[in-house]
Amino acid sequence: MGDPQKVFKAGRQLICPVCSYDRFWSSKTLMNTRTRTFFGMDWTDSNATNYSCVKCGYIFWFLEDL
């Protein structure tokens, strides 16, 4: 996962709404659809970027980088 980091989106710093911490781990998630999965074309689906709070685990999801 790498080192926890401060994250900025749309010019604003992310702050966890649960615990108010400001450090997150980042990861990518494939946003599968039933049709593309049925035809074996999952690789064409969109990705989401996830930021998980280091302190409490709350997860932010972003469909595109802002």
Side-chain angles (χ1 to χ4, degrees):
M1 272 193 204
D3 292 330
Q5 58 186 334
K6 290 185 177 185
V7 177
F8 294 85
K9 290 289 183 186
R12 298 185 66 184
Q13 182 179 355
L14 289 186
I15 303 293
C16 179
V18 175
C19 69
S20 300
Y21 202 59
D22 68 347
R23 303 284 174 157
F24 299 87
W25 285 300
S26 65
S27 62
K28 297 278 186 186
T29 302
L30 186 63
M31 304 296 291
N32 291 46
T33 59
R34 283 186 275 177
T35 304
R36 290 184 179 157
T37 299
F38 178 78
F39 289 107
M41 297 183 64
D42 296 314
W43 56 273
T44 62
D45 284 325
S46 298
N47 285 316
T49 302
N50 310 111
Y51 296 102
S52 304
C53 177
V54 170
K55 194 171 183 181
C56 75
Y58 183 86
I59 301 172
F60 285 95
W61 288 68
F62 292 92
L63 291 178
E64 60 184 60
D65 273 335
L66 297 175

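- The salt bridge (charged side-chain N to carboxylate O under 4.0 Å, His left out) contacts involving residues 48-62 comprise nothing, where partners must be two or more places apart or lie in separate chains.
- Remark: N50 pairs with S27, T29, I59, W61 by the side-chain contact (heavy atoms from CB on, under 4.5 Å) rule, at least two apart or across chains.
- Residues Y21 and C53 come closest through the heavy atom pair CB-SG, 3.9 Å.
- S26 approaches Y51 most closely through the heavy-atom pair CB-CE2, 3.5 Å.
- Proximity of F62 to V7: side-chain heavy atoms (C-beta onward) are nowhere separated by under 4.5 Å.
- Every pair passing salt bridge (charged side-chain N to carboxylate O under 4.0 Å, His left out) that includes a residue from residues 16-25 is listed here, sequence neighbours excluded: K6-D22.
- Remark: F60 pairs with F24, Y58 by the ring pair (Phe, Tyr, Trp, His ring centres under 6.0 Å) rule, at least two apart or across chains.
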